[in-house]
K.L.:
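Quick one: the structure is below, questions incoming.
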Amino acid sequence: MSFKSKENQIYYNPVRRAILNYEMIQPNEKVAVGLSGGKDSTTLLTLLDTISKQKRLGYSFEIIPIALDLGFDMELAPLSRYVESLGYHLEIVPTKIATVVFDIREESNPCSLCAKMRRGILYTKASELGCTKVALGHHLDDAVETFFMNFFFHGLLESFQPITYLTQTQISIIRPLLYIEEQDIRRFVQEKELPVIFNPCPVDKKTKREEMKQLVSRLSQEYPLLKKRFIQSMETNTIDTKWHR
């Protein structure tokens with residue numbers, strides 16, 4: 001398939017560009033891919049799989065798919081079968097996150113604690129498996145929404161970084177979907193008929209992030225270049241200044 005094809009221009013080339021711009025993945029590096037069963041992480045795995053196998057970076061790398069069983073009786077079998085169809089084994093890590101967050105702690109703001117626990121378990125497992133990078137499925141819309149959340153609720157003018165080094169586990173978090181919009185991910189999932197697992201979390205779609213998602217959607221309609229300008233700002237403050245990783 002030509003690098004100039006429509007599919008490459010929309011999906012593969014932006015991922016390739018993000019990886020090369022921020023030096024996210026090195027030759028033969030072992031990269032864990034955090035899978036939730038949702039559209040974003042499954043798309044990430046699919047794109048990285050093709051990019052590695054076809055050596056679209058000029059080299060290949062090793063992929064280790066990891067999923068957490070949060071304790072919500074989530075059906076992970078379809079995800080496991082899809083991972084196996086690509087030639088990998090899905091590492092499923094059992095956890096008691098749902099019990100801790102909703103039953104024991106009865107958190108009024110459960111997303112924060114849940115995310116913290118998920119990250120800790122995922123990064124620890126990736127490190128145990130010898131991975132030096134953990135790829136997450138955060139896309140461009142996520143980055144813009146995070147910027148507004150930090151501004152409105154914490155008074156900070158920042159979003160998450162394309163690549164972040166964690167000293168405790170000695171691995172780096174990478175976000176190869178950073179240049180891809182959520183609407184394009186939805187389209188990719190439909191075109192490829194990728195499995196998407198229902199999220200049984202009781203607060204799904206009822207969070208402050210969902211409010212930011214609606215805000216960004218409205219702003220994007222009024223200011224069509226919003227996301228493009230965000231990418232430009234992000235690159236100015238990372239690539240040009242050799243952001244410390």
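Being a predicted model, the structure only gives us computed values, none of them experimental. FYI, the numbering just counts along the sequence from 1.
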K.L.:
Check this for me, if you would: do R186 and E181 make a salt bridge, where the nitrogen-to-carboxylate-oxygen distance has to be below 4.0 angstrom?
P.N.:
no
K.L.:
With side chain to side chain contact (heavy atoms under 4.5 Å, CB included) as the criterion, how do I185 and D141 come out once you've worked through the C-alpha distance, each side chain's angles and the decisive distance to 0.1 Å?
P.N.:
CA-CA 11 Å; I185 291 176; D141 293 66; over 6 Å; no
K.L.:
Do R16 and N8 pair up side chain to side chain, a donor and an acceptor below 3.5 Å, judged on atom types alone?
P.N.:
no
K.L.:
Tell me every residue that passes ring pair (Phe, Tyr, Trp, His ring centres under 6.0 Å) with Y88, counting only those two or more places apart in sequence or in another chain.
P.N.:
none
K.L.:
What residues form a side-chain contact (heavy atoms from CB on, under 4.5 Å) with I121, not counting sequence neighbours?
P.N.:
L68, V93, T95, I97
K.L.:
If you draw a 6.0 Å radius around OH in Y223, do more than 12 non-hydrogen atoms from other residues or ligands fall strictly inside?
P.N.:
no
K.L.:
Partners of K228 by side-chain contact (heavy atoms from CB on, under 4.5 Å), sequence neighbours excluded?
P.N.:
L225, Q232
K.L.:
Could you tell me the separation between the CD atom of Q221 and the CG atom of L226, rounded to the nearest 0.5 Å?
P.N.:
11.5 Å
K.L.:
Does E211 come within less than 4.0 Å of K208, counting only side-chain N to carboxylate O?
P.N.:
yes
K.L.:
Cut-off 3.5 Å, side chains only: do T46 and Y82 have a donor facing an acceptor?
P.N.:
yes
K.L.:
Could you measure the distance from the CD atom of Q183 to the OG atom of S217? Nearest 0.5 Å is fine.
P.N.:
9.5 Å
K.L.:
Between S220 and K227, which heavy-atom pair has the shortest distance, and what is it?
P.N.:
OG-CE, 3.4 Å
K.L.:
Would you list the pairs meeting side-chain hydrogen bond (donor to acceptor under 3.5 Å, both in side chains) in which at least one residue belongs to residues 29-39, sequence neighbours left out?
P.N.:
E29-T132, E29-K133, S36-S41, K39-E182
K.L.:
Roughly how far, to the nearest 0.5 Å, is NZ of K213 from CE of M149?
P.N.:
11.0 Å
K.L.:
Nearest heavy-atom pair of A135 and L48: which atoms, and what distance?
P.N.:
CB-CD1, 4.0 Å
K.L.:
For the hydrophobic clusters of this structure (ILVMFWY residues joined by side-chain heavy atoms under 4.5 Å, transitively), does one cluster hold both L156 and F153?
P.N.:
no
K.L.:
Which distance, rounded to the nearest 0.5 Å, do you find between the OG1 of T146 and the CZ of F160?
P.N.:
4.5 Å
K.L.:
Do V33 and L44 come within less than 4.5 Å of each other through their side chains, counting heavy atoms only?
P.N.:
yes
K.L.:
Can you measure from CG (L79) to CD (E84) and round to the nearest 0.5 angstrom?
P.N.:
10.0 Å
K.L.:
With sequence neighbours excluded, tell me which residues meet side-chain hydrogen bond (donor to acceptor under 3.5 Å, both in side chains) with K53.
P.N.:
D49
K.L.:
Heavy-atom distance under 4.5 Å between the side chains of V196 and T42, does that happen here?
P.N.:
no
K.L.:
Under a 4.5 Å cut-off applied to non-hydrogen side-chain atoms, are E235 and N21 in contact?
P.N.:
yes
K.L.:
For the residue pair Y22 and Y179, does the interplanar ring angle fall in the parallel (under 30°), tilted (30 to 60°) or perpendicular (over 60°) class?
P.N.:
tilted
K.L.:
Given side chain to side chain contact (heavy atoms under 4.5 Å, CB included), test I25 with I174 step by step and report yes or no.
P.N.:
CA-CA 8 Å; I25 301 175; I174 61 175; 3.7 Å; yes
K.L.:
Kindly indicate whether the side chain of R175, heavy atoms from C-beta on, has any atom under 4.5 Å from the side chain of I163.
P.N.:
no
K.L.:
Would you say D142's side chain and H139's backbone share a donor-acceptor pair under 3.5 angstrom?
P.N.:
yes
K.L.:
Quick one, L129 with E91, criterion side chain to side chain contact (heavy atoms under 4.5 Å, CB included). Give me CA distance, side-chain angles, the key distance, then yes/no.
P.N.:
CA-CA 10 Å; L129 294 173; E91 295 282 347; 3.9 Å; yes
K.L.:
Could you tell me if the side chain of R56 sits less than 4.5 Å from the side chain of Y12, heavy atoms only?
P.N.:
yes
K.L.:
Does L178 reach the side chain of L140, with side-chain heavy atoms less than 4.5 Å apart?
P.N.:
no
K.L.:
Between Y11 and K192, is the side chain to side chain contact (heavy atoms under 4.5 Å, CB included) condition met? List the steps.
P.N.:
CA-CA 12 Å; Y11 308 118; K192 301 298 181 181; over 6 Å; no
K.L.:
Picking from L45, I92, L122, what satisfies side-chain contact (heavy atoms from CB on, under 4.5 Å) with L35?
P.N.:
L45
K.L.:
Any idea which heavy atoms bring D40 and G137 closest together, and the distance?
P.N.:
CB-O, 3.3 Å
K.L.:
For C131 and I171, work out which heavy atoms get closest and say how close.
P.N.:
O-CG2, 3.1 Å
K.L.:
In terms of side-chain heavy atoms, does Q170 have a donor or acceptor partner in Y123 at a distance below 3.5 Å?
P.N.:
no
K.L.:
Does F152 CZ have over 12 foreign heavy atoms under 6.0 Å away?
P.N.:
yes
K.L.:
Shortest non-hydrogen contact from P78 to P195?
P.N.:
O-CG, 4.2 Å
K.L.:
Identify the heavy atoms of L177 and H138 that sit nearest to each other, and give their distance.
P.N.:
CB-O, 3.5 Å
K.L.:
Got L136 and V134 here, is their nearest side-chain heavy-atom distance under 4.5 Å?
P.N.:
yes
K.L.:
Using side-chain contact (heavy atoms from CB on, under 4.5 Å) as the criterion, list what pairs up with E128, not counting sequence neighbours.
P.N.:
T124, K125
K.L.:
Evaluate the side-chain proximity of L70 to R118: yes if any heavy-atom separation is below 4.5 Å, no if none is.
P.N.:
yes
K.L.:
Nearest 0.5 Å please: distance from the CZ atom of R209 over to the CG atom of L215.
P.N.:
12.5 Å
